[in-house]
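Remarks on the structure that follows.
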Amino acid sequence: MTITEASGIFNVSCDVLREYENNGLLKKTSETSNEYCEEDFNSLGLIQLLSESGLAYGEIKEYLDLTSKPGTEEQQISILRKLRYTILNSVHKNQKMLDKIDFIIWNKKKEESL
């Protein structure tokens with residue numbers, strides 16, 4: 001599969017795919033080829049999720065390497081739990097900000113009705 005084909009299928013820019021390649025997350029089938037390994041593109045959704053969730057490329061590479069090694073499930077789960085905890089903390093922080101904004105809106109409406 002070429003980078004252009006993958007870009008269209010996975011709805012991600014060629015630049016992002018090249019960035020993944022430059023960081024060792026995707027590999028060409030050979031140095032002279034413009035084709036990419038099918039198995040890597042099978043992991044592309046996971047790579048995108050982990051990247052968008054805040055993992056650095058090195059951490060994503062570590063996780064992907066673990067997925068190909070038997071007996072590393074606990075390590076994989078540990079990485080995912082840490083990521084989940086980070087995301088959950090962000091959700092809570094954003095919820096607190098929303099609550100404060102809602103309170104300000106409520107106060108403004110209250111002042112308006114006086």
Side-chain angles (χ1 to χ4, degrees):
M1 179 181 308
T2 68
I3 195 166
T4 305
E5 292 168 337
S7 174
I9 291 170
F10 292 101
N11 196 28
V12 62
S13 74
C14 290
D15 290 339
V16 168
L17 294 175
R18 283 189 196 94
E19 195 173 318
Y20 291 165
E21 179 190 340
N22 291 336
N23 285 281
L25 304 178
L26 295 175
K27 300 174 208 91
K28 289 185 178 179
T29 54
S30 72
E31 286 296 317
T32 58
S33 172
N34 284 328
E35 297 280 321
Y36 290 82
C37 299
E38 288 291 328
E39 66 187 52
D40 284 341
F41 280 113
N42 291 336
S43 300
L44 187 53
L46 177 60
I47 293 168
Q48 286 179 291
L49 170 66
L50 296 175
S51 178
E52 290 171 8
S53 297
L55 280 187
Y57 290 138
E59 295 169 307
I60 297 171
K61 176 103 173 76
E62 176 187 352
Y63 182 83
L64 292 174
D65 289 345
L66 287 172
T67 63
S68 64
K69 296 177 185 172
T72 61
E73 290 78 14
E74 283 300 317
Q75 290 172 277
Q76 294 172 49
I77 290 169
S78 176
I79 291 169
L80 294 173
R81 282 190 174 145
K82 186 168 41 168
L83 180 59
R84 184 184 186 284
Y85 178 79
T86 301
I87 293 168
L88 195 56
N89 277 341
S90 178
V91 168
H92 289 154
K93 180 181 174 184
N94 286 334
Q95 184 62 55
K96 286 178 185 179
M97 284 188 285
L98 280 172
D99 291 344
K100 289 175 183 180
I101 290 169
D102 286 344
F103 179 74
I104 293 169
I105 291 169
W106 178 80
N107 266 339
K108 291 296 177 190
K109 285 185 175 185
K110 184 178 163 188
E111 288 173 7
E112 194 177 74
S113 66
L114 292 179

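Just so it is clear, the values below take in all heavy atoms, side chains as well, and ignore hydrogens, waters and symmetry mates. The first residue in the sequence is number 1, and the count goes up from there.
The two residues S53 and I87 have their closest heavy-atom pair at CB-CD1, 3.7 Å. Minimum heavy-atom separation, L64 to T67: O-OG1, 2.6 Å. Taking both residues in full, the closest heavy atoms of C14 and T4 are given as SG-CA, 4.2 Å, listed atom of the first, atom of the second, then distance.
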In a table with atom names and distances, give each donor-acceptor pair under 3.5 Å that connects a side chain of residues 94-110 to protein atoms at least two apart or in another chain.
residue, atom, partner, partner atom, Å
N94, ND2, S90, O, 3.4
Q95, NE2, D99, OD1, 2.9

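Side chain of T2 to main chain of E5: a donor-acceptor pair is present (N/O by atom type, distance under 3.5 Å, no hydrogens or angles).
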Task: side-chain contact (heavy atoms from CB on, under 4.5 Å) evaluation trace for Y20 with L44 - done: CA-CA 9 Å; Y20 291 165; L44 187 53; 3.6 Å; yes
TODO: Quick one: do L80 and L50 satisfy side-chain contact (heavy atoms from CB on, under 4.5 Å)? Show the steps, please.
DONE: CA-CA 9 Å; L80 294 173; L50 296 175; 4.1 Å; yes
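Rounding to the nearest 0.5 Å gives a distance of 8.5 Å between OG of S13 and CD of E19. The distance from atom CD1 of I3 to atom CZ of F10, rounded to the nearest 0.5 Å, is 12.0 Å. Taken to the nearest 0.5 Å, the OH atom of Y63 stands 9.5 Å off from the CG atom of L55.
For the pairing with T72, the side chain to side chain donor-acceptor pair (under 3.5 Å) check across Q76, E74, Q75 returns one residue only, Q76.
L49 is not connected to L26 by any chain of hydrophobic side-chain contacts under 4.5 Å among Ile, Leu, Val, Met, Phe, Trp and Tyr, and they are in different clusters.
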